[in-house]
Amino acid sequence: MRLVILGGNGQLGSDLAEVLRSARESVVSLSRSELDITQSSVLLEKLSHHHPDVILNCSVYHPVDECENDPERSFAVNATAVRALALAAKDLQAAVVHFSSDYVFDGELGRPYKEEDTPTPVSVFGVSKVAGEQLLRAVLPRHFIVRTSGLYGLAGSRVKRGNFVETMLRLGRQNGQVRVVNDIRMAQTSTRNLARQVLALIHTKHYGTYHASDHGDYSWFEFAKKIYQYSALEVEVTPVSWREMPFVAPRPRYSVLENCRLKALGMDQMQPIDVALQAYLKSKDVVPAMQGSSLSKAADSRAL
Ligand SMILES: NC(=O)c1ccc[n+]([C@@H]2O[C@H](COP(=O)([O-])OP(=O)(O)OC[C@H]3O[C@@H](n4cnc5c(N)ncnc54)[C@H](OP(=O)(O)O)[C@@H]3O)[C@@H](O)[C@H]2O)c1
């Protein structure tokens, strides 16, 4: 199978390339400088050079507050370009894997979101992601739309300049104390796990919309506590409300995604958040010899 990744320099794109190559797939990974998906006039021609069977679109414009002030750019990358990509894929008889977000929901449902729940976005970013999903569905039946949440990966988000785990480690080491939002809750998800899940998915013909997040849910405050617990860092973590943050765009407060469709197919390979976080910290050498049951008592005592 010939696979082409777009937005290949991002945190998900990087892990996807590695996981797919490790599985001996034929992978071409293109960065924005190699293929800008908003350049619709060259999209078909540039993609056709690689004869893709599946195109995996990891490109996104997602600094949520900037999106609120720049709807044109949000829609250009997250929606209009997705339609152009779908049209090109149709010409090339390729399938598309497109990633979407928990931000397509308003977070007011009070239970985890299922794939069939109606999108209710509350920000420009969220609306642009819903539009991207709809445009892909309208053009190309052979699609996988994979919604996920709270991604962190080894490469760090390119667009957001880092990831939450790295930010917490840096601030914790620098200051010994952090203030973290405790009333926004989701399933924080490892890009490595998501990449493995996508590898399984693309070998099926079960096209459609999926939720794929790691299992469980934490507020950002709770997740920060876990990061310090597993990295044995003494950091004072103070819970704060999102109302104290200088957010421009509204955020969903409870946007946990349930992997209903993957579960129904017997294909849910995502992991508990704690397991995934410890694996990430270990791969970054942050957790020296301190996994699972061998966690030190000092670290245990700082558990939530
Ligand atoms: N991060 C999260 O917490 C999160 C949560 C839910 C869903 N998701 C979804 O997961 C997917 C991947 O996110 P991520 O965290 O891996 O993002 P990321 O690390 O910020 O990477 C995004 C990539 O998109 C590229 N890009 C931006 N504009 C482009 C364009 N016009 N043409 C081609 N490439 C372009 C960027 O290029 P440069 O490297 O040149 O900047 C960057 O490499 C997205 O669909 C996102 O909505 C992410």
Side-chain angles (χ1 to χ4, degrees), residues 4-19 29-43 46-47 55-64 66-67 70 72-85 88 96-105 107 113 119 121 123-133 136 143-167 184 186-195 197-198 209-214 220 223 251-252 255-257 270 273:
V4 173
I5 298 173
L6 305 179
N9 272 357
Q11 57 179 351
L12 179 57
S14 307
D15 266 339
L16 258 178
E18 199 174 316
V19 165
S29 181
L30 301 174
S31 66
R32 181 192 353 199
S33 59
E34 291 163 314
L35 180 50
D36 181 331
I37 66 161
T38 61
Q39 306 211 318
S40 53
S41 58
V42 296
L43 208 49
K46 287 201 173 177
L47 283 169
I55 302 164
L56 301 106
N57 179 29
C58 299
S59 63
V60 65
Y61 178 59
H62 61 155
V64 181
E66 280 179 33
C67 289
D70 194 352
E72 289 78 14
R73 184 166 173 199
S74 307
F75 275 80
V77 179
N78 301 334
T80 312
V82 179
R83 178 171 183 270
L85 176 62
V96 166
V97 179
H98 176 65
F99 294 93
S100 190
S101 166
D102 54 331
Y103 277 48
V104 302
F105 297 115
Y113 285 92
S123 62
V124 167
F125 169 71
V127 174
S128 74
K129 291 298 278 189
V130 173
E133 290 187 2
L136 176 55
H143 65 258
F144 298 95
I145 292 169
V146 181
R147 295 188 188 130
T148 188
S149 56
L151 286 185
Y152 60 94
L154 288 181
S157 169
R158 291 272 297 174
V159 177
K160 295 181 178 174
R161 299 178 199 90
N163 71 43
F164 182 81
V165 181
E166 296 304 322
T167 302
I184 291 185
M186 73 198 66
Q188 291 79 7
T189 297
S190 144
T191 52
R192 181 54 60 106
N193 282 351
L194 183 57
Q197 183 68 69
V198 168
T209 302
Y210 289 85
H211 288 178
S213 287
D214 277 326
W220 288 117
F223 191 57
R251 269 90 167 148
S255 57
V256 181
L257 302 176
M270 303 304 284
I273 295 174

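As the structure is a prediction and not an experimental result, all values here were calculated from the model. For ligands, and for the atoms within them, numbers begin at 1 and follow the listed sequence.
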> Using the side chain to side chain donor-acceptor pair (under 3.5 Å) rule, take D15 and T191 through it: C-alpha gap first, then chi angles, then the decisive distance, then the call.
CA-CA 6 Å; D15 266 339; T191 52; 2.5 Å; yes
> So, does N78 use its side chain to make a donor-acceptor pair with the main chain of S74 at under 3.5 Å?
yes
> I'd like to check whether Q11 has a polar contact with ligand 1, where a contact means an N/O of the residue lying under 3.5 Å from an N/O of the ligand.
yes
> Given G162, S59, P63, which one has a non-hydrogen atom that is nearest to atom 26 (N) of ligand 1?
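Result: the heavy atom closest to atom 26 (N) of ligand 1 is in S59.
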> With under 30° as parallel and over 60° as perpendicular, where do the rings of H211 and F105 fit, or are they tilted in between?
perpendicular
> Judging by distance only, is a nitrogen or oxygen of N57 under 3.5 angstrom from one on ligand 1?
no
> I'd like the name of whichever of S128, A76, G150 reaches closest to atom 5 (C) of ligand 1 through any heavy atom.
G150
> May I ask you to check whether T148 has an N/O atom sitting below 3.5 Å from an N/O atom of ligand 1?
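For ligand 1, there is no N or O atom that lies under 3.5 Å from one belonging to T148.
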> Could you work out, with side-chain hydrogen bond (donor to acceptor under 3.5 Å, both in side chains) as the rule, every residue matching S33, not counting sequence neighbours?
S31
> With heavy-atom distances below 4.5 Å as the criterion, would you say the side chains of F125 and S101 are in contact?
yes
> With a 4.0 Å cut-off on heavy atoms, does L6 reach ligand 1?
no
> So is I37 polar-close to ligand 1, meaning N/O to N/O under 3.5 Å?
yes
> Give a yes or no answer on whether the side chain of T38 reaches the backbone of V77 with a donor-acceptor pair at less than 3.5 Å.
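A pair under 3.5 Å: no.
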> Near F99, which atoms of ligand 1 are under 4.0 Å from a heavy atom of that residue?
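Numbered from 1, ligand 1 contributes 10 (O), 11 (C), 45 (O).
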> When you compare ligand 1 with L151, is there at least one nitrogen or oxygen pair between them that comes in under 3.5 angstrom?
yes
> Ignoring hydrogens and angles, tell me if any N or O in the side chain of S149 forms a donor-acceptor pair with the backbone of A187 under 3.5 Å.
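Yes; at least one donor-acceptor contact below 3.5 Å.
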> Can you tell which part of H62 has a heavy atom less than 4.0 Å from ligand 1: side chain, backbone, both or neither?
side chain
> Please report the closest heavy-atom contact between R147 and P119, naming both atoms and the distance.
NH2-CG, 4.0 Å
> Counting heavy atoms only, which part of L35 comes closer than 4.0 Å to ligand 1: side chain, backbone, both or neither?
backbone
> Under 3.5 Å, side chain of D214 to main-chain N/O of S190, donor-acceptor pair present?
yes
> Strictly under 4.0 Å, does any heavy atom of K129 approach an atom of ligand 1?
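Yes, K129 has heavy atoms under 4.0 Å from ligand 1.
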> Taking only heavy atoms of T38 into account, list the atoms of ligand 1 that are under 4.0 Å away from them.
31 (N)
> If we set the cut-off at 4.0 Å for heavy atoms, which region of S100 has an atom near ligand 1: side chain, backbone, both, or neither?
backbone
> Number the atoms of ligand 1 from 1 as they appear, then name those within less than 4.0 Å of a heavy atom of C58, with their elements.
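Contacts of ligand 1 toward C58, numbered from 1: 12 (C), 22 (C), 23 (C), 24 (O).
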> Applying side-chain hydrogen bond (donor to acceptor under 3.5 Å, both in side chains), name anything that partners T80, two or more places apart in sequence or on another chain.
none
> Do the side chains of R192 and E18 get close enough for a salt bridge, i.e. N-O under 4.0 angstrom?
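Yes, R192 and E18 are salt-bridged.
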> Indicate yes or no: does an N/O atom of L12 lie under 3.5 Å from an N/O atom of ligand 1?
yes
> Where the closest heavy atom to atom 21 (O) of ligand 1 is concerned, which of G10, G8, S149 has it?
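The residue whose heavy atom sits nearest atom 21 (O) of ligand 1 is G10.
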